[in-house]
Amino acid sequence: RMRIATPDGRLTAPLQGVPKVAAYGQGGLLDVVLDRDFAQNNTIYFCFAEPADGGARTAMARAILADDSKLDDVKVIFRQDGPLSGGNHYGCRIAQSADNNLFLTTGEHFTDRAEAQKLTSHLGKIVRIKPDGSVPDDNPFVGRKDAKPEIWSYGHRNAQGAAIHPVTGKLWEHEH
């Protein structure tokens, strides 16, 4: 469930429109951020463990917070490709840079650690996408047939934090 917490600590009823979530093990709804222009567009981004046949994967969605009761225009803009998780190491932290691109951390699902070194899967990576889910032209692996174009950085275990430095604009992340 996704709820809004008011400044006085009151919680709304669960928002309608949240997609199905794999809420077991370390999975669930794992991060939510407001778009840089939220005051004008009411857009939010959230990442979650998305159920799939035989497990779950990290996914990120974009939605419009219509009011305090529902999400509208929910669209999954990224789905992790690679072996599915049995319930561990989703990563799933979001940071939006000044150019509006989105960074998303992904875990290596604990049992698939070697995938973090492979450019052919999204496990153990930091990906960078545009708000519509497309890939920025200047991502480091764009145009390589042996790599996923969304990859920004690889070799991560399970990144649990991501933030954009307010002065330099560089991505900072931390992990296990």
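Count residues from 1 along the sequence.
A donor-acceptor pair under 3.5 Å links the side-chain atoms of Lys125 to the main chain of Ser121, judged by distance alone. No donor-acceptor distance shorter than 3.5 angstrom exists from the side chain of Asn42 to the backbone of Ile64, with no hydrogens or angles considered. Remark: side-chain polar atoms of Glu175 are paired, donor with acceptor, to backbone N or O of Arg157 under 3.5 angstrom.
With a 4.5 Å cut-off on side-chain heavy atoms, Arg62 and Asp132 count as touching. Counting heavy atoms from C-beta on, the side chains of Ile164 and Gln96 never come closer than 4.5 Å.
Side chains of His109 and Glu115: no donor on one and acceptor on the other come within 3.5 Å.
Other residues, nucleotides and ligands contribute only 12 or fewer heavy atoms inside 6.0 Å of the CZ atom of Arg1. Within 6.0 Å of CZ in Phe141 there are more than 12 heavy atoms belonging to other residues, nucleotides or ligands.
The minimum heavy-atom distance between Phe46 and Ala63, with the atom names listed, is CE2-CB, 4.1 Å. Heavy-atom minimum distance, Cys47 versus Leu104: CB-CD1, 3.8 Å. Nearest heavy atoms, Arg113 versus Glu108: CG-OE1, 2.9 Å. Closest non-hydrogen pair, Thr105 versus Ala159, comes out as OG1-O, 3.2 Å. Here the closest non-hydrogen pair linking Phe48 and Val76 is CZ-CG2, 4.2 Å.
With respect to Lys148, the side chain to side chain donor-acceptor pair (under 3.5 Å) criterion is satisfied by exactly one of Asn139, Thr120, Asp81: Asp81.
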I would like to know whether Asp138 and Arg128 meet salt bridge (charged side-chain N to carboxylate O under 4.0 Å, His left out); could you show each step before the answer? CA-CA 10 Å; Asp138 61 345; Arg128 179 175 169 250; 2.9 Å; yes
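Annotation: the span from Asn88 atom CG to Asn158 atom CG amounts to 8.5 Å, rounded to 0.5 Å.
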